[in-house]
Amino acid sequence: MDASAIEAGRRRWQARFDAARKRDADFTTLSGVPVDPVYGPRPGDAYEGFERIGWPGEYPFTRGLYASGYRGRTWTIRQFAGFGNAEQTNERYKKILANGGGGLSVAFDMPTLMGRDSDDGRSLGEVGHCGVAIDSAADMEILFKEIPLGDVTTSMTISGPAVPVFCMYLVAAERQGVDPGVLNGTLQTDIFKEYIAQKEWLFPPEPHLRLIGDLMEHCARAIPAYKPLSVSGYHIREAGATAAQELAYTLADGFGYVELGMSRGLDVDTFAPGLSFFFDAHVDFFEEIAKFRAARRIWARRLKEVYGARTEKAQWLRFHTQTAGVSLTAQQPYNNVVRTAVEALAAVLGGTNSLHTNALDETLALPSEQAAEIALRTQQVLMEETGVANVADPLGGSWYVEQLTDRIEADAEEIFARIEERGLRSHPDGRHPIGPMTSGILRGIEDGWFTGEIAESAFRHQQALEKGAKRVVGVNCHRGSVTGDLEILRVSHEVEREQVRVLADRRARRDDARVRAALDAMLTAARDGSNMIAPMLAAVRAEATLGEICDALRNEWGTYTEPAGF
Ligand SMILES: CC(C)(COP(=O)(O)OP(=O)(O)OC[C@H]1O[C@@H](n2cnc3c(N)ncnc32)[C@H](O)[C@@H]1OP(=O)(O)O)[C@@H](O)C(=O)NCCC(=O)NCCSC(=O)CCC(=O)O
């Protein structure tokens, strides 16, 4: 790009920056040196390929979504939390908010994630263990007691039973007197990554996608600020994918949901802002920063050029980041604080919109209160002390980071082509029921291609660890010595007994005929193709349980078994 075009871009950036609201903060270095909100080529310099880099707040958004960067607003500190019953988790949430957490993020227990009630035989021993147990709208009401749902943005990490859980959240808001139309938050919902990596699905892909389509339609129409899909690469990465695989599979899944929305006749400029992303921040500092920058650029370009999105908001890739759980070690666990800080810094330098930092004890158990607080304080140290929030995309223009960004983008494009080619083979006539990327994803799920590719990468990494080519302190080098007693959070089995008792009591007090009628109406909608959200909401209002709703749908749609692979 020649110098005059770069200068024109700088002037556009300046105008946007001047118009933006800025935080009232000191934007100088620790020594008092004033710093600019963004840096670019020196005036008069040309820069080859600058159109791929650009300025923050401008297409292709490589350098961030906002001209003001974090000077406008810092990232959201959103710590994923949940354990025991709704009451215990509600107390933890109030502490998180009181300590400066910017939003909430619900971790559900395994039975809830699998759409089973706490009194289901398969739930035994798991209730309240890896997250909070939610059986019905009454639990959701307790979960958010004295937390005004109209004011706090809440993320819910659940995908198989996302839609009934979301209905419970809407009913909890109704019971608080909050108009559900004003809610802002995020529901994970991303079922593709369940088949690809996380393995917590309920039904076969096709009926599940229809249900997600209903949710997208409902939110686009009735809850405009809410983000019903958090397309998640985190679990793909944690299963062993490389950075490029994480990026490519996740964005491909995102394109699949774009195709789903479009196949339902929704306007891409209306529903695409409801798609957000969730990535892993692993320990290779620069590779992760490059991944985040490439993600924004690829998404903006494809949304604009392939799917016809015209508004910037529809082209924006907004993302949450969690530091890499798999990088934590049980050996010398205090070192995990350092790993997490480095990973969090990569996320921030990559322009994350929201961030979770893992606690040092998470390889051993759910975080203790003290470990959770250190994790939160880690973000606050970065935000308040280090100056990283002063300048947008401070690594933009670094030869290394720019080349790595280009490289990871090219690798991702190559993977998209392979997925699309699989889609073409499954529909050689070009008549894709939802869209070409979706066909490729579904084919890759059905024949175990994604799983195989991830397993191959995980195997290669494991070999590198065993040979010592890749090193992990305390595990395959510098072993021993950093020890210390960790306080471990243990969830009492009393929680399960109490949850089962409360559930039985609620079932005894509700109107069973009303529940049955509501579930029947929901199944009628499932069969006749009408939107299922309204009848599901009616069932939830009648205090139908999560297990009852999911069982009714399992009976209707069947379950899913993944292909065996060797
Ligand atoms: C979009 C995100 C990523 C972030 O949303 P947030 O509300 O926090 O932040 P945001 O949208 O970036 O910012 C809030 C508002 O401020 C505005 N804003 C932000 N920065 C600005 C700036 N510089 N200038 C002007 N406006 C700005 C935004 O446009 C937005 O307004 P408008 O709204 O008006 O635009 C959302 O989807 C989210 O919160 N996701 C979290 C997902 C999550 O926590 N998942 C947990 C998974 S945990 C998991 O899966 C477990 C894994 C495991 O451990 O196994």
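First listed ligand is number 1; within each ligand, the first listed atom is number 1.
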So which heavy atom in the protein is nearest atom 11 (O) of ligand 1, and how far is it from that ligand atom? R318 NH1, 3.3 Å

Looking only at distance, does R78 have an N or O less than 3.5 Å from an N or O of ligand 1? yes

Just by modelled atom types, is the R63 backbone N or O under 3.5 Å from a matching donor or acceptor in the D393 side chain? no

Heavy-atom distance from atom 44 (O) of ligand 1 to the protein below 4.0 Å? yes

Measuring from atom 18 (N) of ligand 1, which candidate in F319, Y66, F108 has the nearest non-hydrogen atom? Y66

Is a side-chain donor or acceptor of Y307 paired with a backbone partner of K304 at a separation under 3.5 angstrom? no

Counting heavy atoms only, which part of E238 comes closer than 4.0 Å to ligand 1: side chain, backbone, both or neither? neither

Centre-to-centre under 6.0 Å for Y66 and W316, is that the case here? yes

Nearest heavy atom to atom 19 (C) of ligand 1: which of R73, K22, R23 does it belong to? R73

Taking the six-membered ring for Trp and the single ring otherwise, decide whether the centroids of Y257 and F271 are under 6.0 Å apart. no

Ligand 1 and T186, any nitrogen or oxygen pair closer than 3.5 angstrom? yes

Using a 4.0 Å cut-off to any heavy atom of S105, which atoms of ligand 1 qualify? 44 (O), 46 (C)

Should W316 be counted as touching ligand 1, given the test is an N or O pair under 3.5 Å? no

Start with the C-alpha gap between F277 and L251, add the side-chain angles, then the distance that decides, and say whether side-chain contact (heavy atoms from CB on, under 4.5 Å) holds. CA-CA 9 Å; F277 286 82; L251 294 189; 3.8 Å; yes

Considering the heavy atoms of T76, write down every atom of ligand 1 situated less than 4.0 Å from one of them. 6 (P), 8 (O), 9 (O)

Would you mind running through ligand 1 and noting each atom that sits below 4.0 Å from a heavy atom of H235? 49 (C), 50 (O), 52 (C)

List every atom of ligand 1 that sits less than 4.0 Å from any heavy atom of K227, numbering the atoms from 1 in the order shown and giving each element. 1 (C), 36 (C), 37 (O)

Tell me, which protein residue and heavy-atom name are nearest atom 12 (O) of ligand 1, and how many Å apart are they? N353 CB, 3.4 Å

For ligand 1, which atoms have a heavy atom of S68 less than 4.0 angstrom away? 22 (C), 23 (N), 24 (N)

Please list, in number order, the atoms of ligand 1 under 4.0 Å from a heavy atom of K313. 32 (P), 34 (O), 35 (O)

Expected output: side-chain Q176 to main-chain F144 donor-acceptor under 3.5 Å: yes

Aromatic contact between H320 and Y234, with the criterion being ring centroids under 6.0 Å apart: yes or no? no

Kindly state whether the ring of Y195 and the ring of Y560 have centres lying under 6.0 angstrom apart. yes

Please state which part of N184 comes within less than 4.0 Å of ligand 1, counting heavy atoms only: side chain, backbone, both or neither. side chain

Would you say G69 touches ligand 1, if touching means a heavy atom closer than 4.0 Å? yes

Which residue owns the protein heavy atom closest to atom 42 (C) of ligand 1, what's the atom, and how far is it? S155 OG, 3.4 Å

So which bit of Y70 gets within less than 4.0 Å of ligand 1, heavy atoms only: side chain, backbone, both or neither? neither

S354 neighbourhood, listing ligand 1 atoms whose heavy-atom distance to it stays under 4.0 Å: 4 (C), 39 (O)

May I ask you to check if ligand 1 and F277 share an N or O to N or O distance below 3.5 Å? no

Should the ring pair F319 and F292 be called parallel, tilted or perpendicular, given that the plane angle runs from 0 to 90° and is split at 30 and 60? parallel

Compute the ring centroids of W299 and F61, then answer whether they are less than 6.0 Å apart. no

Can you list the ligand 1 atoms lying under 4.0 Å from a non-hydrogen atom of S276? 1 (C), 37 (O)

Structural part of H356 in contact with ligand 1, heavy atom criterion under 4.0 angstrom: neither

Between Q315 and Y59, does the side-chain contact (heavy atoms from CB on, under 4.5 Å) criterion hold? Intermediate values first, please. CA-CA 8 Å; Q315 296 166 2; Y59 183 87; 3.5 Å; yes

Decide whether S159 and D190 meet the rule of one side-chain donor and one side-chain acceptor closer than 3.5 Å. no

Polar contact flag, side-chain donor to acceptor under 3.5 angstrom, R52-T405: no

